[in-house]
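Heavy atoms only: backbone and side chains are in, while hydrogens, waters and symmetry mates are out. Keep in mind that this is a model prediction, so the values were computed, not measured. A note on names: the letters A, B, ... follow the listed sequences, proteins ahead of strands, and every chain is numbered from 1.
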Amino acid sequence: MTPNVTDTSQPLLSIEGLHKAYGTTEVLKGVDLTLQRGNVLTLIGSSGSGKTTLLRCVNLLEDFQQGRIVLEGQSIGYHEQAGRRVRHPEKVVAAHRGMTGMAFQQFNLFPHLSALENVTLGLRKVKKLPRDQAVALAETWLDRVGLLARKHHCPGQLSGGQQQRVAIARAIAMSPSLMLFDEPTSALDPELVGEVLAVIKGLAEEGMSMLLVTHEMRFAYDVSDQIVFMNQGRIEEKGAPKELFDHPASTRLKDFLKNIRF
Amino acid sequence: MYQPPSWFHELWAARSAFSAGLLTTVQCSALAILCGTVLGVCAGLVLTYGRWWGRWPFRIYVDLVRGTPVFVLVLACFYMAPALGWPITAFAAGSLGLSLFCASHVAEIVRGALQAIPRGQLEAGKAIGLTFRQSLAYVLLPQALRQVLPTWVNAATEIVKASTLLSVIGVAELLLSTQQVIARNFMTLQFYLFAGVLFFLINYAIALLGRAIEKRVALL
């Protein structure tokens, strides 16, 4: 297993025929998607459209019943064995999860660890870096998100925006090949949204591949290479930001955009 | 004229009985708290994260033990172990009963603490590539510890108090030793009071220990 195979001919991420159901309720009804290396793809849609679920399938926080997710040429979550679909063993799943980084709506920082320890935990236990290297790398990233001075603060002593920036540093320090952002600014006070978006935008400009779920349409417009509009578990429409926002084809997207403030 | 011996004199005369009783109480309590905590943490983990076939034996065990008086449990261990072909001393039987009781309480405390941790914590652990065991060791258990401590102190002091029940199966712990001393000198009030103070001191020490640990691991 080598997570960092660089094969530029293939898309970084491809999703084919993804189906996901909770019991009898189908939440993803056959989703196909590809993401090229270095691109930013934003999922938009009303709540319950399945965009967060789709994002969480990519790092297997949700399992799925049908379809394939291929990241860096590796099948995520399941493999075929004697014609049957088998879930990867836990170690492989954990290794695949390490190929992606995720920022959550609720930050999910570890409250018992300092900002620095939040970032070094994965570096030390997953990447097995020695302590000094892990600390140096973590400090570099905390500096990047502007929080080096707060490295010894615990999450409870940081504002929401600061917590989310630490959470992004924690994810990105693992050098993932794909970053997943699940509504990273939805739980923030309005005046703190900007600082988090600025960090994400900086990463995008440096060529970080991203899959993003957000309600910040202005931001999505600015930062995305491709926007995907989801509705009731399906992809309703996709395209470059400008054409999608300026000339929506489906009535559902038109209705959706009508209710959004830019 | 006859002068009855003073209380201090009697206490001095009974010093070996008291220290032996105190030692026995501390030993069986410490053993029960230690074994009960280890077994209870394991049971709590299975109850929280196990599959149904792993959960139900522990569920039955916890419900059964919690629904039974400790006294009955101690007697059951004392009489049933030999009947089942396992000859054990009264001390061992009593400690076993207390351990089983302690474990059932700790199991529920641990389960409650783990279930109170937001789901996002385990997800965040998974997302950076931690395996379940690593998440447990570095993310979940350290947080559960903070929840568990105050209630654990409670459970531990209950065990010390429940250890007095071992007097009934003939273990000369602090209470039975006290009664034996009183049978010789008839200073009932003084010596029961003295035994009470010793029990209090043991439990106060546990409470102080708990508080010290709590302070060390407190979240900012």
Side-chain angles (χ1 to χ4, degrees), chain A residues 3 55-56 58-62 89-115 117-128 152-158 163 166-167 169-176 179-182 187, chain B residues 41-42 44-46 48-55 109-153 209-220:
Chain A
L55 197 70
R56 289 163 57 88
V58 174
N59 65 351
L60 224 63
L61 289 183
E62 304 282 351
E90 158 98 7
K91 285 221 164 200
V92 178
V93 169
H96 283 169
R97 282 187 180 128
M99 292 160 63
T100 60
M102 188 170 205
F104 297 86
Q105 187 177 351
Q106 300 296 338
F107 330 133
N108 295 344
L109 285 180
F110 306 130
H112 59 299
L113 301 177
S114 69
E117 290 166 333
N118 263 279
V119 184
T120 53
L121 181 64
L123 295 173
R124 300 204 53 204
K125 302 302 172 189
V126 179
K127 295 241 163 191
K128 313 278 186 201
H152 293 306
H153 286 52
C154 280
Q157 298 168 307
L158 300 172
Q163 287 188 50
V166 173
R170 173 177 73 179
I172 207 99
M174 299 292 290
S175 50
M179 268 300 292
L180 307 169
F181 289 93
D182 182 12
Chain B
V41 170
C42 297
L45 283 173
V46 175
T48 317
Y49 299 112
R51 292 169 194 268
W52 66 269
W53 45 263
R55 276 200 317 265
I109 295 170
V110 168
R111 185 182 66 84
L114 286 171
Q115 284 180 345
I117 297 173
R119 214 167 55 119
Q121 290 293 310
L122 180 56
E123 290 182 351
K126 286 177 177 175
I128 55 172
L130 295 178
T131 60
F132 178 70
R133 274 168 190 228
Q134 289 175 322
S135 292
L136 208 55
Y138 306 119
V139 177
L140 300 173
L141 284 177
Q143 291 183 59
L145 175 69
R146 291 156 172 85
Q147 287 264 333
V148 161
L149 268 174
T151 356
W152 178 84
V153 167
L209 176 74
R211 244 176 269 168
I213 303 176
E214 255 179 82
K215 205 175 269 179
R216 277 198 61 166
V217 299
L219 292 185
L220 293 171

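Taken to the nearest 0.5 Å, the NZ atom of A/Lys125 stands 11.5 Å off from the OG1 atom of B/Thr131. Atom CD of residue A/Glu90 and atom CZ of residue B/Arg133 lie 9.5 Å apart, to the nearest 0.5 angstrom. Put simply, CG on A/Asn59 and CD1 on B/Ile128 are 12.0 Å apart, with the number rounded to the nearest 0.5 Å.
Nearest approach of B/Gly129 to A/Arg97, heavy atoms of both residues: CA-CB, 4.4 Å. Nearest heavy atoms, A/Phe104 versus B/Ala127: CZ-CB, 3.9 Å.
For A/Phe110, the parts sitting under 4.5 Å from any heavy atom of chain B are the backbone and the side chain alike. Neither the backbone nor the side chain of A/Leu180 comes within contact range of chain B; no heavy atoms are under 4.5 Å apart. Contacts of B/Gln121 with chain A are made by both backbone and side-chain atoms, with heavy-atom separations under 4.5 Å.
The residue from A/Leu60, A/Val93, A/Leu61 that alone fulfils the side-chain contact (heavy atoms from CB on, under 4.5 Å) condition with B/Lys126 is A/Leu61.
No donor-acceptor pair under 3.5 Å is formed between the side chain of A/Gln106 and the backbone N or O of B/Gly120.
Considering only heavy atoms from C-beta on, B/Glu123 comes within 4.5 Å of A/Arg56 through its side chain.
Proximity to chain A at a heavy-atom threshold of 4.5 Å picks out B/Tyr138, B/Val139, B/Pro142, B/Gln143, B/Arg146 from residues 137-147 of chain B, in numerical order.
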